[in-house]
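Computed from a prediction, not measured in an experiment: that's the story for all the values here.
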Amino acid sequence: MATVSFVLGLLPCSSSFSRVSYGSVGFPVLSNANSLKLGSSASISAPILRQKLCTAPSPLSLRLRPLTIVSAKGYKMKTHKASAKRFRVTGRGKIVRRRAGKQHLLYKKNTKRKLRLSKMHPVSRSDYDNVIGALPYLKVNRNAT
């Protein structure tokens, strides 16, 4: 079991000291002493840093322990499911959507208008950032015209 030590709180350089908390957390031992395996090919080395909080020597500064920084894989971005049902990507990488106005009250719309509303319509370039933010794994060609 490897341990990670940490220090919480700040030490001001004046005579009054603030509260300092020490602690450590246990982790399973890794194959390399200073690396964390992230996936099949990536790893992050965790350097050991010494924290120097004041320039003036203080009685608590002699007891500071080394701080090991451990970084792990971040969270996956989530797809907005309502947007995923409304947008799709063409073969050339453009984002397309359906037209509004073809759900009800169709008796008063002529056939030509209903046919036009049935077709897919490309999303405006100004809305690309919003759509891509909601659908982070969409394979979009931003240079497609």
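Put simply, NZ on Lys78 and OH on Tyr137 are 11.0 Å apart, with the number rounded to the nearest 0.5 Å. Rounding to the nearest 0.5 Å places CZ of Phe87 at 12.5 Å from CZ of Arg98. Atom NZ of Lys119 and atom NZ of Lys114 lie 15.0 Å apart (nearest 0.5 Å). The distance from the CZ atom of Arg97 to the CZ atom of Arg88 is 13.5 Å, given to the nearest 0.5 Å.
Every residue two or more places apart in sequence or in another chain was checked for a salt bridge (Lys or Arg N to Asp or Glu O under 4.0 Å) with Arg86, and none qualifies. Partners of Asp129 under the side-chain hydrogen bond (donor to acceptor under 3.5 Å, both in side chains) rule, at least two apart in sequence or in another chain, are Arg142. Contacts of Asp127 classified as side-chain contact (heavy atoms from CB on, under 4.5 Å), with partners at least two apart in sequence or in another chain: Val123, Ser124, Asn130.
More than 12 heavy atoms of other residues, nucleotides or ligands lie within 6.0 Å of NE2 in His121, so this atom counts as buried by the packing criterion.
A pairwise comparison of heavy atoms in Gln103 and Leu106 identifies N-CD2, 4.4 Å as the closest pair.
Side chains of Lys94 and Val89 form no contact here, defined as non-hydrogen atoms less than 4.5 Å apart.
Considering Leu135, Thr90, Ile132 in turn, Ile132 is the only one that fulfils the side chain to side chain contact (heavy atoms under 4.5 Å, CB included) rule with Ile95.
Transitive grouping of hydrophobic side chains (ILVMFWY, heavy atoms separated by less than 4.5 Å) brings Leu138 and Tyr128 into a common cluster.
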